[in-house]
Amino acid sequence: MDVEIITIGDEVVTGHTVDTNSAFIGRALTEIGLRVKYKTSVGDELDTMEEALRIGLKRAQVVITTGGLGPTDDDMTKRAIVKVFKRNLIFHEDVLEEIKERYRRRGIDMPAINQNQALLPQGARFFPNKYGSAVGICIAEEGRIFIALPGVPMEMRQLITDEVIPYLRSLKTGQTIKVIKLRTTGIIESALAEMITSKIKIDSSINLGYLPSPCGVDLRIIATGSNDADAEERATSLAGQLVETVGKYLYGREEDSLESVVGKLLVERNQKMCVAESCTGGQLGMAITTIPGSSAHFNGGVISYSNDVKVWQLGVEEDLLATAGAVSEPCALAMALGARKLFRCDYALSITGIAGPDGGSEEKPVGLVYIGLSSEKRTFARKFQFGSNREFNRSRAVYASLELLRREILGIV
Ligand code: ATP
Ligand code: MG
């Protein structure tokens with residue numbers, strides 16, 4: 001089934017709100033094997049909205065909109081639906097009761113204007129919204145499926161995950177899909193593909209996607225089968241072969257992240273880590289502490305951006321800085337060692353490099369990063385040459401350092 005996603009809102013077309021809704025929906029629908037063919041954004045203007053809906057329903061079997069379902073005058077999606085589908089809005093007592101109940105729980109009287117939200121198109125199916133008062137609207141007509149969702153990202157995501165995906169899957173009669181995501185890092189996409197295609201023959205009922213990002217390359221398996229068990233068996237079988245083939249590069253599955261995997265390994269061993277960051281300016285510490293409960297394995301860190309702080313806080317020798325420079329292997333070693341002593345941890349990671357765009361030289365080009373790791377057992381550093389983009393270099397450094405630690409803990413060489 002082909003899909004068109006239409007995001008609605010003046011703030012979306014003017015760029016005041018970045019359209020993350022269509023990105024989320026695009027990913028979620030692709031994962032269940034639908035083909036997202038078009039994405040459109042329109043402002044809060046009835047005629048334009050109506051035009052977009054008509055075009056969408058002509059060229060795609062599934063049209064999903066977000067935005068404009070609120071109770072205020074600028075929320076006009078329902079008015080566009082009335083015009084396109086020629087259906088009246090009818091008052092739904094049960095929906096109003098739910099909205100009222102939502103306000104009661106928050107201890108506020110429902111504003112009268114919210115009554116509008118119980119006015120819904122005739123003959124539609126409704127998807128309950130856990131986090132807000134605008135219900136999702138679904139109209140199936142002449143082989144076309146139209147779904148309108150609220151614009152608030154949290155509400156939209158819940159509706160897609162809990163309601164829309166199961167509904168669309170149930171329509172795809174005779175075929176089901178199983179998706180498995182394997183997460184790799186420390187190897188580039190083309191090398192990974194070469195490794196896989198030389199060893200594994202992939203069945204035509206399976207789609208294997210390579211999804212690169214600064215933290216690595218994800219492998220996404222989409223297996224199609226005649227029923228759930230069949231799809232599951234195909235996906236699991238390929239996943240097993242992939243795990244064997246990509247081995248040490250595989251750090252997790254599905255929602256695992258490098259920071260969560262490293263955190264888990266440390267907690268299991270009752271160990272702690274700390275960081276000393278220069279060019280990443282705290283980004284590594286931030287990544288680690290994104291994981292709830294990270295205090296169990298993370299003691300803290302130093303953002304030693306200047307040479308002075310490297311000396312004062314981490315005990316890096318001034319001579320070393322004068323001879324080898326701050327972006328050097330000896331400095332990364334000294335930073336890691338200094339941090340481990342300062343924070344009394346089992347492991348310390350250090351990052352020092354040239355993020356760019358300025359500050360590079362022939363000898364030390366932009367993207368050069370040294371990452372140090374210190375433990376009771378040993379202290380060592382690795383040299384990395386990333387690219388020319390500052391943000392990218394900083395992210396790559398964060399993930400490369402976490403991967404270095406993951407491999408050190410697991411004894412992977
Ligand atoms: P409400 O009941 O809050 O009015 P609504 O369905 O009318 O919900 P909108 O008013 O269109 O939704 O959007 C609500 C908020 O959701 C916007 O202020 C915006 O911050 C966010 N939002 C809307 N569309 C998008 C989008 N495509 N991507 C990301 N955020 C969005
Ligand atoms: Mg609104």
Side-chain angles (χ1 to χ4, degrees), residues 3-31 34 36-53 55-56 60 62-85 89 91-92 95-106 108-121 124-139 146-165:
V3 181
E4 174 154 355
I5 302 167
I6 303 174
T7 51
I8 296 170
D10 284 341
E11 74 283 7
V12 176
V13 282
T14 56
H16 288 93
T17 291
V18 176
D19 174 21
T20 52
N21 283 359
S22 72
F24 179 87
I25 298 174
R27 260 199 318 268
L29 297 191
T30 306
E31 282 188 0
L34 299 185
V36 178
K37 221 169 154 188
Y38 301 98
K39 280 186 187 179
T40 304
S41 293
V42 292
D44 295 307
E45 211 180 49
L46 191 55
D47 292 347
T48 321
M49 238 182 255
E50 191 187 331
E51 189 188 7
L53 293 195
I55 295 172
V62 181
V63 173
I64 301 185
T65 67
T66 77
L69 286 186
T72 55
D73 279 346
D74 62 340
D75 293 315
M76 279 184 293
T77 305
K78 281 191 294 189
R79 279 158 63 189
I81 296 174
V82 166
K83 292 187 88 175
V84 172
F85 289 95
L89 296 179
F91 181 69
H92 287 254
V95 174
L96 183 66
E97 268 320 303
E98 266 180 46
I99 300 174
K100 279 190 176 156
E101 177 56 29
R102 172 177 305 281
Y103 278 93
R104 252 195 302 273
R105 280 199 301 268
R106 288 166 57 189
I108 352 180
D109 287 334
M110 185 192 82
I113 190 177
N114 280 87
Q115 291 209 10
N116 289 342
Q117 294 192 288
L119 275 175
L120 295 161
R125 163 197 288 262
F126 306 114
F127 297 137
N129 177 345
K130 270 191 201 154
Y131 303 121
S133 47
V135 298
I137 299 168
C138 173
I139 298 175
F146 171 82
I147 295 171
L149 303 174
V152 182
M154 183 172 77
E155 300 177 23
M156 178 282 301
R157 284 199 296 266
Q158 182 262 322
L159 281 159
I160 286 284
T161 310
D162 296 349
E163 305 291 338
V164 176
I165 297 280

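Counting starts at 1 for both ligands and their atoms, in listed order.
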Is there a side-chain contact between [X] and [Y], using heavy atoms and a 4.5 Å cut-off?
| X | Y | answer |
| --- | --- | --- |
| Lys78 | Val82 | no |
| Asn116 | Asp75 | no |
| Leu96 | Met110 | yes |
| Ile147 | Phe127 | yes |

- Item | Selected option - heavy-atom contact closest to atom 20 (O) of ligand 1, from Thr17, Leu69, Ile6, Thr65 | Thr17
- Item | Option set Gly70, Ser22, Gly136, Gly151, criterion heavy-atom distance to atom 1 (P) of ligand 1, minimum | Gly70
[X]: numbered ligand 1 atoms lying under 4.0 Å from its heavy atoms:
| X | result |
| --- | --- |
| Val18 | 28 (N), 29 (C) |
| Gly67 | 6 (O), 11 (O), 12 (O) |
| Thr7 | 27 (N) |
| Val12 | 24 (N), 25 (C), 27 (N) |
| Pro150 | 6 (O) |
| Pro153 | 16 (O), 21 (C), 29 (C), 30 (N) |

Part of [X] within contact of ligand 1 (heavy atoms, under 4.0 Å):
| X | value |
| --- | --- |
| Thr20 | both |
| Glu11 | side chain |
| Val152 | both |

- Message: Assess whether a salt bridge exists between Arg105 and Glu101, defined as any Lys/Arg side-chain N lying under 4.0 Å from an Asp/Glu carboxylate O.
- Response: yes
- Task: Answer yes or no: does an N/O atom from Ala134 fall short of 3.5 Å to an N/O atom of ligand 1?
- Result: no
- Asn21 N/O to ligand 1 N/O under 3.5 Å: yes
- Relative to each other, are the rings of Phe85 and Phe146 parallel, tilted or perpendicular (30° and 60° limits)? tilted
Looking at [Y], is its backbone amide N or carbonyl O close enough to the side chain of [X] to form a donor-acceptor pair, meaning the two atoms are under 3.5 Å apart?
| X | Y | result |
| --- | --- | --- |
| Thr77 | Gly67 | yes |
| Arg102 | Lys130 | yes |
| Glu155 | Ser133 | no |

